[in-house]
Amino acid sequence: MKRNIVIATITAVALIGGGTATAIAVSGDDEAPAKKTVSVSNDDNDRDDVNDTDDTAQDKAEDQAARDTDEDAGDKAENAAEAKAGQVTAADAIKAALKHQAGTAVSADLDDEGTNLVWDVDVLTNGGKWYSVQIDPGTGKVLGSHADRDDDGDDAAETEQIRAALKGSSVAAAEAAEAAAAKGTVTSVDLDEESKDRAWEVDTTAADGTGSDWRVNLDSAKVTADRSND
């Protein structure tokens with residue numbers, strides 16, 4: 001009976017403190033002490049370590065999610081502000097550029113020029129020359145223009161590819177911008193002359209700053225979502 005009591009007592013101590021305990025059980029005066037070793041592992045510390053690791057990982061994930069949300073919110077706010085500042089639509093900017101420089105508008109982008117926003121319209125003349133025309137997004141006035149040339153020296157090849165893509169098409173850049181305007185404020189129009197289903201690529205910005213990509217058919221002006229970046 002004493003032996004059992006001693007073992008039970010030491011086992012209880014080991015359970016509380018964790019670790020290994022040795023109990024000496026005595027059954028009577030004539031018997032040699034019998035040693036019993038009781039090993040008890042305390043898993044509380046291990047569980048605490050695991051929980052601490054999980055909490056740290058979760059905290060990091062939540063912090064990263066918060067930063068991502070802040071970045072998304074900042075980008076959306078900037079996009080919304082730029083779209084709102086562009087009182088002159090993409091279609092009107094293209095038309096103003098073509099009045100200044102005759103030819104075919106191939107792209108139009110609402111870009112930062114230093115601290116100011118401008119519509120930058122690329123025009124390909126009938127003679128094969130490229131011009132970049134800047135339009136004030138607030139007034140629609142021409143701010144300037146200059147002859148433009150690609151740095152890679154592939155102007156001739158690109159020009160022929162663009163002419164081939166537009167040959168026989170009935171939807172010009174301004175018309176593509178007008179077609180996509182129902183989806184949001186148009187911030188850029190660009191000809192995709194390389195893909196098989198050649199089309200106008202149009203970017204729009206919603207009132208909350210959310211950006212979307214669209215494709216406008218060169219013949220029907222049908223607007224479809226651009227899934228190439230998904």
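Keep in mind that this is a model prediction, so the values were computed, not measured.
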Trp119 with Leu143, same ILVMFWY side-chain cluster at under 4.5 Å: no
Looking at CG of Asp122 and CD of Gln101, how far apart are the two atoms once the value is rounded to the nearest 0.5 Å? 12.0 Å
Going from CG on Asp120 to CG on Asp148, what distance comes out if it is rounded to the nearest 0.5 angstrom? 8.0 Å
Here the pair of heavy atoms bringing Ala165 nearest to Leu191 is CB-CD2, 4.3 Å
Roughly how far, to the nearest 0.5 Å, is CG of Leu166 from CG of Leu218? 6.5 Å
Verify, without hydrogens or angle tests, whether Ser132 (side chain) and His146 (backbone) share a donor-acceptor contact under 3.5 angstrom. no
Which atoms form the tightest heavy-atom contact between Ala102 and Thr125, and what is the distance? O-CG2, 3.8 Å
Under a 3.5 Å distance rule, please check whether Asp208 uses its side chain to pair with a backbone N or O of Thr210 as donor and acceptor. yes
Measure across Ile94 and Ala108 and return the closest heavy-atom pair with its distance rounded to 0.1 Å. CG1-CB, 3.7 Å
Spacing of His100 atom NE2 and Lys141 atom NZ [to the nearest 0.5 Å]: 14.5 Å
Is the closest side-chain donor-acceptor distance between Asp203 and Ser188 under 3.5 Å? yes
Side chains of Thr89 and Val186, heavy atoms from C-beta outward: is any pair under 4.5 Å? no
Given the rule in the side-chain contact (heavy atoms from CB on, under 4.5 Å) test, do Trp214 and Asp226 qualify, once you have shown the distances and angles that lead to the verdict? CA-CA 5 Å; Trp214 309 94; Asp226 186 353; 5.7 Å; no
Are Val118 and Ile135 in one and the same hydrophobic cluster, where Ile, Leu, Val, Met, Phe, Trp and Tyr link if side-chain heavy atoms are under 4.5 Å apart? no
Closest non-hydrogen contact found for Glu178 with Ala91 is CG-CB, 3.5 Å
Could you walk me through whether Thr187 and Thr204 satisfy the side-chain contact (heavy atoms from CB on, under 4.5 Å) test, starting with their C-alpha distance in whole Å, then the side-chain angles of each, then the deciding distance to 0.1 Å, before giving a yes or no? CA-CA 6 Å; Thr187 55; Thr204 63; over 6 Å; no
Same hydrophobic cluster for Tyr131 and Val142, using side-chain heavy-atom links shorter than 4.5 Å among ILVMFWY? no
All pairs passing salt bridge (charged side-chain N to carboxylate O under 4.0 Å, His left out) where residues 179-196 contributes a residue, at least two apart: Asp192-Arg215
State the OG1-CZ distance between Thr104 and Arg163, to the nearest 0.5 angstrom. 7.0 Å
Which heavy atom of Leu110 sits nearest a heavy atom of Pro137, and at what distance? CD1-CB, 4.0 Å
For Glu175, side chain to side chain donor-acceptor pair (under 3.5 Å) partners two or more places apart: none
Result for side-chain contact (heavy atoms from CB on, under 4.5 Å) between Trp200 and one of Asn217, Val223, Val216 points to Val216
When rounded to the nearest 0.5 Å, the distance separating CG of Leu117 from CD of Gln87 is 11.5 Å
Work out which heavy atom in Val189 is nearest to a heavy atom in Ala173; give both atom names and the distance. CG1-O, 4.0 Å
